[in-house]
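Quantities reported herein were computed from a predicted structural model and do not represent experimental measurements. Just so it is clear: chains get the letters A, B, ... in the order the sequence lines come, proteins before strands, and each one is counted from 1.
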There are 2 protein chains.
Amino acid sequence: MFTHRAKYAIKALVHLARRVGQGPVHAQTIADDEQIPERFLELILVQLRIGGLVRSRAGRGGGHFLEGSPEDISLLSVIRAIDEQIDPLPCLSTTAYVRCRDCDDEATCTTRHLFIKIQEQQSALLSHVTLASVMPKPRMAATPAASPKLRTPTHPVLVNANSQHSPTT
Amino acid sequence: MFTHRAKYAIKALVHLARRVGQGPVHAQTIADDEQIPERFLELILVQLRIGGLVRSRAGRGGGHFLEGSPEDISLLSVIRAIDEQIDPLPCLSTTAYVRCRDCDDEATCTTRHLFIKIQEQQSALLSHVTLASVMPKPRMAATPAASPKLRTPTHPVLVNANSQHSPTT
DNA sequence: CTAAATCATATCATTTATATAGGAATAAAA
DNA sequence: TTTTATTCCTATATAAATGATATGATTTAG
């Protein structure tokens, strides 16, 4: 499960991505449009700023805007900025390392090895999804009214791994 | 982050997998060997039994043993049995569906579409890792003392996606 | 019948997630 | 320089999830 924070962060970033080059956007505006509690969103925006994903300008006429371009902002970087702990086990975090008390020897810990692999895979997954990859490309208006759903992506995009919208929960 | 429950469950299952065909194993034994709080482990074993991953026998000489073979037990099924909610958003759960209050139209919700993709990928990932894939194959004793670390797997195993043990947390 | 084990249920403690609140700092405009 | 609009910072409140413990009932081999 992703947290609400992460979801809100992504919504806010997509919001900003859609307004690149239009100057800073008020937190209030984002909150209203995306239906996010305003005060809570402010905290999230601060995290995103610290994480280097957005820049902010205080004072009248201020607001928030993307630091980089949508192609360069991956889900992984968002999650990193928002959720402190993204590692599958505390013993796998470089910044918040805590040894498992049920582990005698990390070097031979089967579980640890397993989760390292999982982590690598999941990171790879999230790093390949960018803000740009979730936005419809608004380039050149007219192709003969074909369904816009399957536009060929110009940026890395999720592959459709045998997709059957797999059973949940 | 995976929960402790999930980690304990996996450790217990690997423990059982190593003892396939040797009759039921006491919860107490698993708890001691794997350094898991015993009472807590019992609860987890019950969940695993309900989830169909282990079978249990009460009474003297009882214990727990794998229901299927290690090749058939995927991490996905473990997580499903242990953590109730594995979906990235509550609006994506079939069994615990809750509409997001910050969403007017699920059909056009960009975030939802995004997370559906993520979910598919992550499920695919977890479903390809089985108990068997985390255990060293003890088959036929003698190959000329080569490092056993890179034995060619006979069961689905994680690919090594450009692995650089990616930066964490 | 008894001992060894699981099974069921309740409770408690801790941590994490989700906010909310008050006001300080910043910066533009009047 | 004052006003006003905005972000920024810190603290607190509330609720939910997680992790763990406790008590006792139930099952079953011997």
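Residue B:Leu45 contributes atom CG, which lies 8 Å from atom P of C:dC7 at whole-angstrom precision. Whole-Å rounding puts the A:Glu38 CD to C:dG22 P distance at 14 Å. In this entry the distance linking CZ of B:Arg49 with C1' of C:dA8 reads 10 Å, nearest Å. To the nearest angstrom, C1' of D:dA17 lies 13 Å from CD of B:Gln47. The CZ atom of A:Arg39 sits 15 Å away from the P atom of D:dA11 (whole-angstrom rounding). In this structure, the CD1 atom of B:Ile50 is 13 Å from the C1' atom of C:dT6, given to the nearest Å. To the nearest angstrom, C1' of C:dT6 lies 12 Å from CZ of B:Phe65. One atom, CG of B:Leu41, and another, P of C:dC7, lie 11 Å apart when rounded to the nearest Å.
Taking both residues in full, the closest heavy atoms of A:Pro70 and A:Ala17 are given as CG-CB, 4.0 Å, listed atom of the first, atom of the second, then distance. Between A:Ile79 and A:Ala6, the shortest heavy-atom distance links the atoms CD1-CB, 3.9 Å. Smallest separation of non-hydrogen atoms from A:Asp104 and A:Arg99: O-NH2, 3.0 Å. Here the shortest heavy-atom pairing between B:Val134 and B:Val14 reads CG2-CG2, 3.9 Å.
In this structure the side chain of A:Arg39 never reaches within 4.5 angstrom of the side chain of A:Leu43, judged on heavy atoms. Between B:His15 and B:Lys11, every side-chain heavy-atom pair lies at or beyond the 4.5 Å cut-off. You'll find the side chain of A:Leu131 stays beyond 4.5 Å of the side chain of A:Asp72, heavy atoms only. By the 4.5 Å heavy-atom criterion applied to side chains, B:Thr111 and B:Asp102 are not counted as neighbours.
Residue B:Val46 is tested with B:Ile44, B:Leu48, B:Ile50 for a side-chain contact (heavy atoms from CB on, under 4.5 Å); the sole match is B:Ile50. Of the listed residues (B:Leu13, B:Val25, B:Leu53), just one forms a side-chain contact (heavy atoms from CB on, under 4.5 Å) with B:Leu66, and that residue is B:Leu13.
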Protein-nucleotides 14-18 of chain C N/O pairs under 3.5 Å:
unit_1	atom_1	unit_2	atom_2	d
C:dT18	OP1	A:His4	N	3.2
C:dT18	OP2	A:His4	N	3.4

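Shown for residues 11-35 of chain A: no residue has heavy atoms falling under 4.0 angstrom of DNA chain C. A heavy atom lying under 4.0 Å from DNA chain C marks the following residues of residues 55-62 of chain B, by number: B:Ser56, B:Arg57, B:Ala58, B:Gly59, B:Arg60.
Side-chain atoms of B:Arg18 and A:Thr110 include a donor-acceptor pair closer than 3.5 Å.
Set against C:dC7, D:dC8, D:dA20, the side chain of B:Pro37 has D:dA20 as its closest nucleotide.
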